[in-house]
Amino acid sequence: CCQLLYLLFVTTFRFLVWYCFSQVLQASLDEYAESYNMHKIRKQTGVNLPTGFSPNFIFEHADQLDAGKGLLGVLN
């Protein structure tokens, strides 16, 4: 009986913590991902994709950088 009540309490507590803090956690993760994708990638030799730019810049200007040549085709 006590073990069942304990499990119910723990499960409810975890759900409440997740419900209360999930938006705060997601906002923090989004901010980290945005700041990480703003840094420049160092120049590299022997790679197919463009280097020396930030990942966001490469994604937004893929056509101008000819970034499609490093992609693999989808196999059926």
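Excluded from the calculations below are hydrogen atoms, water molecules and symmetry mates; all remaining heavy atoms, backbone and side chain alike, are included.
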(request) Give a yes or no answer on whether the side chain of T51 reaches the backbone of Q44 with a donor-acceptor pair at less than 3.5 Å. (result) yes
(request) Mark yes or no for whether H39, through its side chain, and Y36, through its backbone, hold a donor-acceptor pair below 3.5 Å. (result) yes
Any chance you could measure [X], atom [atom1], to [Y], atom [atom2], to the nearest 0.5 Å?
{"X": "E34", "Y": "N56", "atom1": "CD", "atom2": "CG", "answer": "5.0 Å"}
{"X": "K40", "Y": "F57", "atom1": "NZ", "atom2": "CZ", "answer": "9.0 Å"}
{"X": "H61", "Y": "S54", "atom1": "NE2", "atom2": "OG", "answer": "9.5 Å"}

Tell me which donor-acceptor pairs under 3.5 Å the side chains of residues 14-31 have, and how far apart each pair is, sequence neighbours excluded?
| from | atom 1 | to | atom 2 | distance (Å) |
| --- | --- | --- | --- | --- |
| S22 | OG | W18 | O | 3.2 |
| Q26 | NE2 | D30 | OD1 | 2.8 |

(request) Kindly write out the residues that satisfy side chain to side chain donor-acceptor pair (under 3.5 Å) with N37, not counting sequence neighbours, or none if the list is empty. (result) none
